[in-house]
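Take a look at the structure below.
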Amino acid sequence: MTLSVQSILDRLDWIKIAIETAQECGNHDRKLSGEKVMNGHYLKALQELHAVQKQLENLLERAKAQEADQ
């Protein structure tokens with residue numbers, strides 16, 4: 001099963017929104033708690049979301065290459 005370039009772009013848009021949201025929540029939580037650094041759970045979530053983003057970007061490159069070959 002191959003994914004269309006547009007569906008991958010849609011997924012990338014959603015993951016970017018998730019990253020922005022996690023970043024904002026982590027910063028807001030940090031300010032409310034008076035901590036100097038973001039909670040480790042937010043950092044781990046951001047690491048995972050960035051890994052998904054990278055995977056989707058790689059998938060997008062492969063999908064574009066497949067479309068170009070067809």
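Legend: salt bridge (charged side-chain N to carboxylate O under 4.0 Å, His left out) pairs involving residues 17-31, not counting sequence neighbours: none detected. Pairs passing the salt bridge (charged side-chain N to carboxylate O under 4.0 Å, His left out) check and including a residue from residues 49-60, sequence neighbours excluded, do not occur.
When hydrophobic residues (I, L, V, M, F, W, Y) are linked wherever their side-chain heavy atoms come within less than 4.5 Å, the members clustered with Trp14 are Ile17.
Shown here are the side-chain contact (heavy atoms from CB on, under 4.5 Å) partners of Leu46, two or more places apart in sequence or in another chain: Ile19, Ala22, Gln23, Met38, His50. Partners of Lys16 under the side-chain contact (heavy atoms from CB on, under 4.5 Å) rule, at least two apart in sequence or in another chain, are Gln53. Every residue was checked against the side-chain hydrogen bond (donor to acceptor under 3.5 Å, both in side chains) condition with Thr21, not counting sequence neighbours, and none meets it. With sequence neighbours excluded, the residues forming a salt bridge (charged side-chain N to carboxylate O under 4.0 Å, His left out) with Glu48 are Lys44, listed by chain and number. When the side-chain hydrogen bond (donor to acceptor under 3.5 Å, both in side chains) test is applied to Asn39, no partner is found at least two apart in sequence or on another chain. Take Ala45 and apply the side-chain contact (heavy atoms from CB on, under 4.5 Å) test, not counting sequence neighbours, and it matches no residue. Legend: residues meeting side-chain hydrogen bond (donor to acceptor under 3.5 Å, both in side chains) with Glu35, ordered by chain and number and at least two apart, are absent. When the salt bridge (charged side-chain N to carboxylate O under 4.0 Å, His left out) test is applied to Lys64, no partner is found at least two apart in sequence or on another chain.
Here the CG atom belonging to Leu56 is positioned 11.0 Å from the CG atom belonging to Asp10, to the nearest 0.5 angstrom. Taken from CG in Leu60 to CG in Leu9, the straight-line distance is 5.0 Å, to the nearest 0.5 Å.
Here the shortest heavy-atom pairing between Leu3 and Ala63 reads O-CB, 4.0 Å.
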